[in-house]
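Predicted model only: the values in this text are computed from it and were never measured.
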Amino acid sequence: MLSVWFVALGSAAGGVTRYLLSGAVQRAAGGPFPAGTLLVNVSGSFLLGFLLRYTLAVPAVTPELRLGLTAGFCGGYTTFSTFSAETVTLVEGGDYRRAALYALTSLVVSILAAALGFAAARALTAGGVD
């Protein structure tokens, strides 16, 4: 049960950090390009990669703290970091074909799913907003 609290607290902190940072970056960058989201996805991927290796190498980091930082904070900050780390793990294991399939499938299917979600919401709201 302690692990659940570490994940919950980390997720809350990660989500708030994502909201504040991506908003600030987006306001500073201006325009329609999602610079804030891009920065969060890239920095979150770096942070999760670092934390996965570092927290396993440092005995002082408890499993609960590791979980709070990785699944919690990084998961709340951006789930794109998990996708990135899993792809790198497949590549590091020499499973290049599965890594490419996972990356391509994740990208294409997720974009299609978002488009279907937009369409479903539009249908339910009789046109709604675009």
Notebook entry, point to check: Distance from Ser43 atom OG to Leu48 atom CG, nearest 0.5 Å?
Noted result: 11.5 Å
Next item on the list: Kindly give the heavy-atom pair with the smallest separation between Val91 and Ala99, and that separation in Å.
Entry: CG2-CB, 3.6 Å
Item checked: Contact summary for Phe33 and Gln26, nearest pair of heavy atoms -> O-NE2, 2.8 Å
Next item on the list: Please check if Val16 and Tyr19 belong to a single hydrophobic cluster, counting links between Ile, Leu, Val, Met, Phe, Trp and Tyr side chain heavy atoms closer than 4.5 Å.
Entry: yes
Note to self: For the CG atom of Asn41 and the CZ atom of Phe46, what is their distance to the nearest 0.5 Å?
What the structure shows: 15.5 Å
Checklist line | Ser45 versus Phe80, closest heavy-atom pair with distance | finding: OG-CD2, 3.7 Å
Notebook entry, point to check: Is the side chain of Arg18 donor-acceptor paired with the backbone N or O of Gly14 at a distance under 3.5 Å, no angle test?
Noted result: no
Notebook entry, point to check: Which pair of non-hydrogen atoms, one from Thr17 and one from Ala13, has the smallest distance, and what is that distance?
Noted result: OG1-O, 2.7 Å
Check: How long is the gap from OH on Tyr102 to CG on Leu90, to the nearest 0.5 Å?
Finding: 8.0 Å
Check: What about Leu2 and Val61, same hydrophobic cluster or not, with Ile/Leu/Val/Met/Phe/Trp/Tyr joined at side-chain heavy-atom distances under 4.5 Å?
Finding: yes
Checklist line | hydrophobic_cluster_shared for Val25 and Val40, side chain cutoff 4.5 Å | finding: yes
Note to self: Please find the pair of heavy atoms, one from Ala35 and one from Ala29, that lie closest to each other, and give the distance.
What the structure shows: CB-CB, 3.9 Å
Margin query: Grouping I, L, V, M, F, W and Y whenever their side-chain heavy atoms are under 4.5 Å apart, do Leu52 and Leu69 come out in a common cluster?
Written below: no
Notebook entry, point to check: Do Leu39 and Phe50 share a hydrophobic cluster, counting only Ile, Leu, Val, Met, Phe, Trp and Tyr and linking them when any side-chain heavy atoms are less than 4.5 Å apart?
Noted result: yes
Check: When rounded to the nearest 0.5 angstrom, what is the spacing between OG1 in Thr87 and CG in Leu101?
Finding: 10.5 Å
Check: Which pair of heavy atoms, one from Thr78 and one from Gly44, lies closest together, and at what distance?
Finding: CG2-CA, 3.7 Å
Check: Rounded to the nearest 0.5 Å, how far does CZ of Phe73 lie from CG of Leu47?
Finding: 6.5 Å
Check: If you measure from CZ on Arg98 to OG1 on Thr89, what distance do you get to the nearest 0.5 Å?
Finding: 13.0 Å
